[in-house]
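Structure, as structure tokens:
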Amino acid sequence: MTSIAFEGVSKEYPRGGGRRSLREELASMFRRSPQVGQSRFWALNDVSFEAKRGEAVGLIGPNGAGKTTILRLLAGVTRPTRGRIEVKGKVASLIELGAGFHPELTGRENAYLNGAVLGLTRREVRRKLDDIVEFAELADAIDVPVKRYSSGMYVRLGFAVAAHADADILLMDEVLSVGDARFQQRSLRKMRALLEQGVTVILVSHNLSTIGLFCQEALCLNSGKITARGDATAVISAYVNQYSSLEADQAAAIPHAGADPVAFQRVRLFNRRQEETHVFRYRDDLRLRIHYRCEGSLPSPAFTLTIRGPEGRIFQASMLLDGKRPGLIEGAGAIECLFRDLPLVPGSYHVVGSVRGEDGLSYTMHPQVVARFSVEGDPDAYGWEDPRATAFLPEAAPVVIPYEWRVVASPEACG
Amino acid sequence: MRERQSSTIRVFTPRPPIRLAASVREIWTFRELLWQLAGREVRIRYKQALLGAAWALLQPFSLMIVFTVFFSRFLNVPSDGVPYPLFAYCALLPWGFFSGSLSSSITSLTGNVHLVTKVYFPREILPLASILAAGVDFGVATLLFVGLLAFYRVPATSKLLFAPLILGVQLVLTVGLGLLFSAVNVKYRDVRHAVPLLIQVWMFATPIIYPIGIIPERFRSLVFCLNPMAGIIDSYRSVMLRGLPPDMQALGSAALVSVIVACASYVYFKRTEPVFADII
């Protein structure tokens, strides 16, 4: 049963907001030539897709690809410029933190208001309030004005209300990355339960592994067009292959984004024997010591270090995932990250570093290449015994983990 | 799978058709939100105010005192033989509701950007909630009016039954202008500055301080056509203070103009509604 249908949907936005003062409007009325100034851009261009009831669809793509525009159109917040959208049933959306919260009101009052926005009556909210409060883990803070809430508390309450709204369609935009790891786990579990009840979930995330874990289907968008759709795993790997090299180039092109409050001043690399080096062996240790400088103070920043090769991302250490964020950082400082047993094939690699703020969304240091290193080693070290192994090296996948072949005697033995 | 799957299908197209009945039905399904937003506005207004609901009384009451002292005592403005405080308050009360509704509905859309850009609901709810919240003040201020009527021993007549009809006409005009101003303010923020000025001028152009009688007879029907509030205020005075039915010419033209204004405003609101979230 179809739950959502997009038919040839395009969405055009005026650049720069499109609002004009009355004076400008009057002035343009007296100007003879038609105004040229107002430039417009297409956030979505002829997009068609369908989602069935009980399906989880992930939306991926670079920033500005049109992911959030799709959610806003589905939520009915904005209208398509062309095309037609059909939405069956009640939509609960969590686009950005605590959509529709009023800072002066308490958590409880906001839960009622948010519930009303989602189409619940007072009585329905009252009946569900205990569940909502319990899920959001806000028993002690429910009667406190939400202006005193942390961003985590905001998103917990917002998610809890949306998840308990008896919606047929749930729209989630990146919000889950704000809560702590435990809450993310619980909300994913809750969303899975809703899926089983027949709720359709549309999930936007930059965290591809969340999409891969949660969604059966994914749409990949770029510049307002669908570039790939289908099985989530396939779409994600196509996306990674397509964009990772591009992103690496972009990252390399920004040696230092001037306005960022955090900058890495020096990055030193050490091997297992504590020698400073740029050359590592297979299964060596890679220890990065980052000397950073921070303007002012930053509460609980999230550092991410991604190891990339010519084909893109290989592995990373991300405080967004492991939650090992330092507390408050101020001024100059250093932080270390140790990768054990590098599983890399010989070649050159670079490290892309970034830092995000407490909310986990905004960058306090944009992704940029912070270090380069190479891996060298004999084919023997990898257990490559073919004499021509080095010749095939450029084709090799970047990571080698222990594996074994076994020749099975006869086809029957397979069963 | 759940049994409870709501079957409502919403279709979003570039230029949705304007259907009043469908809009009213939808607002009705979101009535809970209307109550809550109005309640929120009232609560926030009084939460951090020392005198709380007393402000609703103080506003028309202090104007009544000032007008009585300056216009009645010093300038000898006639009041149709009714005690001037009562005469002024009878007009200040509905006028306060009218102007209060308009000034709070102007920013009802632009002051709730976080709602307009993030969640769906019929946008009319926002100006309507502002008007509803102003209605609470109106209710409180009406208590004082009842007190004044008793104090001056004004007899209650059957003509009071006209009051809901007059209020109905006033509401049509208020809702119309509330929708119009809130929508225009999304596009042109000048409105926020222009409307308070308009309201001030409008108040002096309406028989609030003075009786309609001081306007020459031959201009009166023109005034009633141009300014529906003139007919509305005069009708209140007739039924409340004079024990007379409202001047049907005055109330009739006010009703006609109000309906026209409301229809035009509603169409404008619905036409600009699709782009609210994009340009707000």
Around B/Trp35, counting heavy atoms of other residues, nucleotides and ligands shown, do more than 12 lie under 6.0 Å from its CH2?
no

Tell me whether the count of non-hydrogen atoms from other residues, nucleotides or ligands lying under 6.0 Å of CZ in B/Arg19 goes above 12.
no

Name the region of B/Arg15, side chain, backbone, both or neither, that has any atom closer than 4.5 Å to a heavy atom of chain A.
neither

Go through the atoms of A/Leu71 and report whether side chain, backbone, both or neither lie under 4.5 Å from a heavy atom of chain B.
neither

Can you give me the closest heavy-atom contact between B/Thr13 and A/Arg79, atom names plus distance?
O-CD, 3.9 Å

Within a reach of under 6.0 Å around CZ of A/Arg148, are more than 12 heavy atoms found that belong to other residues, nucleotides or ligands?
no

Has the side chain of B/Gln36 got a donor or acceptor atom that lies under 3.5 Å from a matching backbone atom of A/Leu113?
yes

So for atom NZ, which belongs to A/Lys190, do other residues, nucleotides or ligands contribute more than 12 heavy atoms lying within a distance under 6.0 Å?
yes

Looking at every non-hydrogen atom in both residues, tell me the closest pair between B/Phe30 and A/Val117 and how far apart they are.
CE2-O, 3.6 Å

For B/Val116, is it the side chain, the backbone, both, or neither that has a heavy atom closer than 4.5 Å to a heavy atom of chain A?
backbone

What part of A/Leu73 is in contact with chain B, defined as an atom under 4.5 angstrom from a non-hydrogen atom: side chain, backbone, both or neither?
backbone

Which atoms of A/Thr81 are under 4.5 Å from chain B, going by heavy atoms: the side chain, the backbone, both sets, or neither?
backbone

Let me know if A/Leu74 has heavy atoms under 4.5 Å from chain B in its side chain, its backbone, both or neither.
backbone

If you count heavy-atom pairs under 4.5 Å between each of A/Arg122, A/Arg82, A/Glu7 and chain B, which one has the most?
A/Arg122

Heavy-atom pair with the smallest gap, counting every atom of A/Leu105 and B/Arg43:
CD2-NH1, 4.2 Å

What heavy-atom pair brings B/Tyr120 and A/Ala75 nearest, and what distance separates the two atoms?
CB-O, 2.7 Å

Grab the two heavy atoms, one from B/Val11 and one from A/Glu86, that are nearest each other, plus how far apart they are.
CG2-CG, 3.7 Å

Minimum heavy-atom separation for B/Leu33 to A/Ala116, with atom names?
CA-CB, 3.7 Å

Got a donor-acceptor contact below 3.5 angstrom from the A/Arg72 side chain to the B/Thr117 backbone?
yes

Please determine whether the number of non-hydrogen atoms from other residues, nucleotides or ligands lying under 6.0 Å from atom CZ of A/Phe49 exceeds 12.
yes

